[in-house]
Amino acid sequence: MEYNFKDIEAAWQQRWRDDKTYKVEIDHSKPKCYVLDMFPYPSGAGLHVGHPLGYIASDIYSRYKRLQGCNVLHPMGYDAYGLPAEQYAIQTGQHPHITTEQNIARYREQLDRIGFCFDWDREVRTCEPGYYKWTQWAFCQMFHSYYDNDLQQAQPIARLEQHLAAQGTEGLNVACGKELTITAAEWKAMSTKEQQQTLMNYRIAYLGETMVNWCPELGTVLANDEVINGVSERGGYPVEQRMMRQWCLRVSAYAQRLRDGLETIDWRDALKETQRNWIGRSEGTEAQFKVVPNDNPATQEGLEFTIFTTHADTMFGVTFMVLAPESKYVQQVVTADKKAEVEAYLDACKRKTERDRQAAHEVTGVFTGAYAINPITGENIPIWVAEYVLAGYGTGAIMAVPAHDSRDWAFAKHFNLPIIPLIEGDYDLNEGSFDAKEGVMKNSANSQINLNGLCVKDSIAAMKKYVTEHHLGRVKVNYRLRDAIFSRQRYWGEPFPIYYKDGMPYTLPEECLPLQLPEVSEFKPTKTGEPPLGNAQLWAWDEAKKQVVDKALIDQKTIFPLELCTMPGFAGSSAYYTRYTDPHNSEALVSAEANQYWDNVDLYLGGNEHATGHLIYSRFWNKFLKDIKVVKSEEPFKKLINQGMIQGSSRFAARVSGTNKFVSADLLDANGCYEGASTDPIHVDVNFVNNLDMDVEAFRRWRPEFADAEVVCNADGKFVTTAAVEKMSKSKYNVVNPDDICEKYGADTLRIYEMFLGPIEQSKPWDTAGIDGAYRFLKKFWALYNDANTEGNPCCKVNDAEPSADNLKSLHKLIKKVTADVEVFAYNTAISAFMVAVNELQQQKCSSRAILEQLVVLIAPFAPHMAEELWHQLGHTTTVCDAQWPACEEKYLVESTIKYPVQIGGKMRFTIDLPADADAEAVKTAVLAAEDAQRWMEGKQMVKFIFVPKKIVNIVVK
RNA sequence: GCCCUGAUGGUGGAAUGGUAGACACGAGGGACUUAAAAUCCCUUGGCCUUUACGGCUGUGCGGGUUCGAGUCCCGCUUGGGGCACCA
């Protein structure tokens, strides 16, 4: 029987669906294993061959773990909310719900063809009310929580209210927007609204007036990770900075835990490093600088401001101070005669977009006319305003040490400010600063403290101690990680379960969730600039009846407006992994029982592009869920693998410039010219190019303008194209659709080939040409069991013959290699081992059931359809998924003789055959014989030999 | 600028410090076939001599450690990624 992959794959996919072969339930008799893929955003373009790479890898692992006796949870779902569906809706008027449904259906069809072992009963979609109920629920929990720095944990906001009522802010160590000082009496005297405003300073989900990335083109704000080089990640539109009142998540409160958690998880170091960079912990000192009183009234009251520095050791070298343009201190220190000049500068800064500010690294700034006192030297130093100091980091004010900081140096040079060297060494301060991380201090002593002669590290410590003891400042840790901006002025996202009473937000009662996304007449923002939900008529909250009502009724006493923004993309994707463990639970995000059993993700696979977005938010969200005792683990993803990108391999046909004449590439000269005329490379669709040879007829059919093109082929009648590796994309005509591959070669071949391409983490170009090797392998594999000429005689080549020693050796060698490789996701080398083993067994004419049955189990994770079919042909009624992964028995691997290569004098080599159980003594004896031979041949003397177990005996000649 | 990563044939890629190039593609040659497809066999890093189961050279470049380095150390060149007026 021939290997008819089409029938086999269709039949088994049907059978798996009918029997729910991959449905899993809690089973305490088996160890659990949770294998997860990052769920896709179902775009209109469908899947290309790059998308399934990670899914195939995780599928192999899932199947392998199941064969090893684990209860494997391997779910799939859709990240269905997002901008593209909404942009499409604005352009076409099609409801995003409809396009999303269509895209999901298409994705599902494509995924099903590849034969994944997903438990589809657990599918989640972020846009479904039953799912986003829990996204909203989590948001409410965050709203009603604050972060206690002493406990390092989120706590119910009621506990904070008690504390404020009992002792005000005294003894409070919590994450907050501003450090407030309130007495218990003051708290009690506040109105409800004032109390609510105060609490907003502490909530984990809070409404904050912050500097945001505003993208006018998209009409929404964006999170930091959605902005790349000053333009939006989606669409590449310009982004500007704006003060806006927005929902934020206090991710920064978790900065230290997010950083510490990295130590406990099995991720690539590079990825952990990326997250550490993003979190950006820096340990330093906050120090107060007093302002010298001038004609500004604020300075009369002994005004001082705080700066942050990681180099407290350089305080002797501070020759000026710099404030960020947005700093509130600017207005307080500026002198009357400088006011106009400073105002003009602030104005100019405001007008610049974030992009301009990032791009132009020119030195700008203006003197405020004010002076501060260096607390160490007691000297008066000028206070400047400059945009190189960022308002959002530290305190928005710095002490400038031009000798040892390149930015301060550039500023000092530009404005002619003094530069004092503090570190011994041979450097020229006219050339640039000396940004030393080590060295010995000089010029750093007064009657109170002497740093001279100390190294940088010690002097930082000494200065910290001095500053703390003299109440000049305190030791402080700063993080680059900012709070996540959580509002989007868009339609296609989760609505906030929030209504506004007296201008303050309140959450909907828990039993009223989900708050469903309303229908709108228009997906665009309203004319008054409100987000699209402003177009919804049924969008007000009746507090008494606890239901959504018409917004025309808002004047009534119990009816209030609902929030008009929706949540960002990462809201729905932050806790989906835990929802999969209990997807149909309407009482809770996840039951204690399900979380207890399934716990966190053992293996998570996905692209690298989520390193600073999803993977930070998700970890944050999980930590919060742990704090409120919904999940038990601190980290959501124990092991993570980033699959590499599959790049496209584009093909180009040379076209004579300005004509419709195409010339085979091998006819061009070195300059790419044909008969003296220059040519241009034109992208052609890779799907009708075999290796480099283009199918000219298909090319003509491809696009009407090429139907009559003049095509010049080479002497063999072939048209040769050129190739280049590029990103796989429609516009480059290098997209390969997995459906086409399944059609032509089958899903098993696609799976094998994708894994055979190379290490899973590496990016590599897709070239369909190589797929023949994978296809041939499967045909050979099939032929071990089936004779192509014997129709309707399943597994005719398999019998009950005793396996030979060679058979056993080939099989067990394979078991050992494949098991080891799958454990470390080295699927490419595992498949190579299969190819070798199949060739060996074929040569051995192996027909022993004992061997071939185990071989089927081994291939099952890689080529599940074929494995099922062969397993069935071998007479099994159960699915191969429930077979047992074979164990390697070392006894079959023992060689009867071992070849010991012996290298003498660097070049001369001998091979010594020895019994497998030869010990070091036997080897030495053999080596002595080799020495004799060598002496006889060259008359040189042996002086030394080394015995390396198992491998090689090396002899040195002197 | 700082921090990660990688660099091996025509191509994708193998090699616990131990015979570099497994496995596969492509290419060349051959067998079978009326022919094609399919299948099978041989050759295939480069360069010399081909009398050989021969010699030389070879893992981005330059040093070093070692009996022995693609692998470890130091210094470069270069591709990819992250962070970036973060004090």
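Residue numbering restarts at 1 for every chain, and letters A, B, ... go by the order of the sequence lines.
As a whole-Å value, the separation of A/K727 NZ from B/G80 C1' is 15 Å. Summarising the geometry, the separation between CD1 on A/I752 and P on B/A24 is reported as 13 Å, rounded to the nearest angstrom. The distance between atom CG of A/D405 and atom P of B/A84, rounded to the nearest whole Å, is 17 Å. Atom-to-atom, NZ of A/K464 to P of B/A87 comes out at 13 Å; the value is rounded to the nearest Å. As rounded to whole Å, 18 Å separates atom P of B/G82 from atom CG of A/D269. Here the C1' atom of nucleotide B/G12 and the CE atom of A/M755 are 14 Å apart, to the nearest Å. Whole-Å rounding puts the A/K272 NZ to B/C83 P distance at 19 Å. Computed from coordinates, the A/I616 CD1 to B/G82 P distance equals 15 Å when rounded to whole Å.
Using a 30° and 60° split on the angle between ring planes, A/F5 and A/Y775 fall in the perpendicular class, above 60°. By the 30° and 60° cut-offs, the orientation of the rings of A/W384 relative to A/F415 is tilted. Aromatic ring orientation, A/F834 versus A/F862: perpendicular (interplanar angle above 60°, classes split at 30° and 60°).
Annotation: B/G45 and B/A22 have their C1' atoms spaced 15 Å apart (nearest Å). For the P atoms, the distance linking B/G60 with B/G55 amounts to 26 Å, nearest Å. Between the P atoms of B/C4 and B/C74, the separation comes to 12 Å (whole Å). Look at the P atom in both B/C25 and B/A38: the space between them is 12 Å, to the nearest Å. If you take atom C1' in B/U39 and the same atom in B/C32, they sit 9 Å apart, rounded to whole Å. When the P atom is used for both B/G10 and B/C47, the distance is 10 Å, rounded to whole Å. A distance of about 26 Å separates the P atoms of B/U8 and B/U43, rounded to the whole Å. Remark: the separation of the P atoms in B/G6 and B/A14 is 12 Å, to the nearest Å.
Of the two residues near RNA chain B, A/G396 and A/P765, the one whose nearest nucleotide lies more 5' is A/P765. In this structure, A/K764 and A/F308 both approach RNA chain B, and ranking their closest nucleotides by distance from the 5' end singles out A/K764.
Of the candidate nucleotides B/U39, B/A87, B/A15, B/A87 has the atom nearest to the side chain of A/T310. Side-chain proximity of A/L390 to the nucleotides B/G12, B/A87, B/G82 is greatest for B/A87. Among B/G81, B/C4, B/G13, the nucleotide with an atom closest to any side-chain atom of A/N608 is B/G81. Set against B/A38, B/A22, B/C4, the side chain of A/K779 has B/A38 as its closest nucleotide. Among the nucleotides B/G13, B/A14, B/C83, the one closest to any side-chain atom of A/T829 is B/A14. Residue A/M835 has its side chain nearest to B/A24 when only B/A24, B/A87, B/C83 are considered. The side chain of A/F756 approaches B/G12 more closely than any other nucleotide in the set B/G12, B/C85, B/C25. Comparing B/U39, B/G12, B/A87 by their closest approach to the side chain of A/T309 singles out B/A87. If you check B/C83, B/G12, B/A87 against the side chain of A/L757, the one that comes closest is B/G12. When each of B/C25, B/A87, B/G13 is scored by its nearest atom to the side-chain atoms of A/P759, the top-ranked nucleotide is B/G13.
For B/C2, the paired nucleotide is B/G82, the pair qualifying as Watson-Crick or G-U wobble because both relevant distances are below 3.5 Å. If you check B/A7 for Watson-Crick or wobble pairing at under 3.5 angstrom, you find it paired to B/U77. Across the strands present, B/A15 finds no partner; the criterion is a Watson-Crick or G-U wobble pair with both atom distances under 3.5 angstrom. Figure legend. B/U44 is base-paired to B/G26; pairs are counted as Watson-Crick or G-U wobble with both atom distances under 3.5 Å.
Side-chain nitrogen and oxygen atoms of A/Y393 include at least one within less than 4.0 Å of the OP1 or OP2 phosphate oxygen of B/A87. Contact check, A/N828 against B/A14: a side-chain N or O comes under 4.0 Å of OP1 or OP2. Taking only side-chain nitrogens and oxygens, A/T274 never comes nearer than 4.0 Å to OP1 or OP2 of B/G81. Applying the 4.0 Å criterion to OP1 and OP2 of B/G13, one finds that A/Q762 has a side-chain N or O inside that range. In terms of phosphate contacts, A/R776 brings a side-chain nitrogen or oxygen within less than 4.0 Å of OP1 or OP2 of B/C25.
Both cation-pi conditions hold for A/R619 and A/W267: the charged atom is under 6.0 angstrom from the six-membered ring centre and inside a 45 degree cone around its axis.
Looking only at atom types and distance, the side chain of A/S810 has a donor-acceptor partner in the side chain of A/Q844 under 3.5 Å away.
A/W782 and A/F777 have their aromatic ring centers separated by at least 6.0 angstrom.
When heavy atoms are screened at a 4.0 angstrom cut-off, A/S282 is found touching the sugar-phosphate backbone but no base atom. Residue A/R281 is classed as having no contact, given no heavy-atom separation below 4.0 Å to the nucleic acid. Residue contacts shown for A/K780 are limited to sugar-phosphate atoms, with no base heavy atom under 4.0 Å away.
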Residue pair A/N839, A/K780: steps toward the side chain to side chain donor-acceptor pair (under 3.5 Å) verdict = CA-CA 8 Å; A/N839 278 334; A/K780 275 188 205 171; 3.3 Å; yes
A/D821 and A/T829: CA distance, side-chain angles, deciding distance, side chain to side chain donor-acceptor pair (under 3.5 Å) verdict = CA-CA 7 Å; A/D821 283 352; A/T829 51; 2.9 Å; yes
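Two residues are said to be in side-chain contact when any heavy atoms from C-beta on lie closer than 4.5 Å; A/S327 and A/F305 fail this criterion.
Glycosidic conformation of B/G63 is anti; the angle lies outside 90° of 0.
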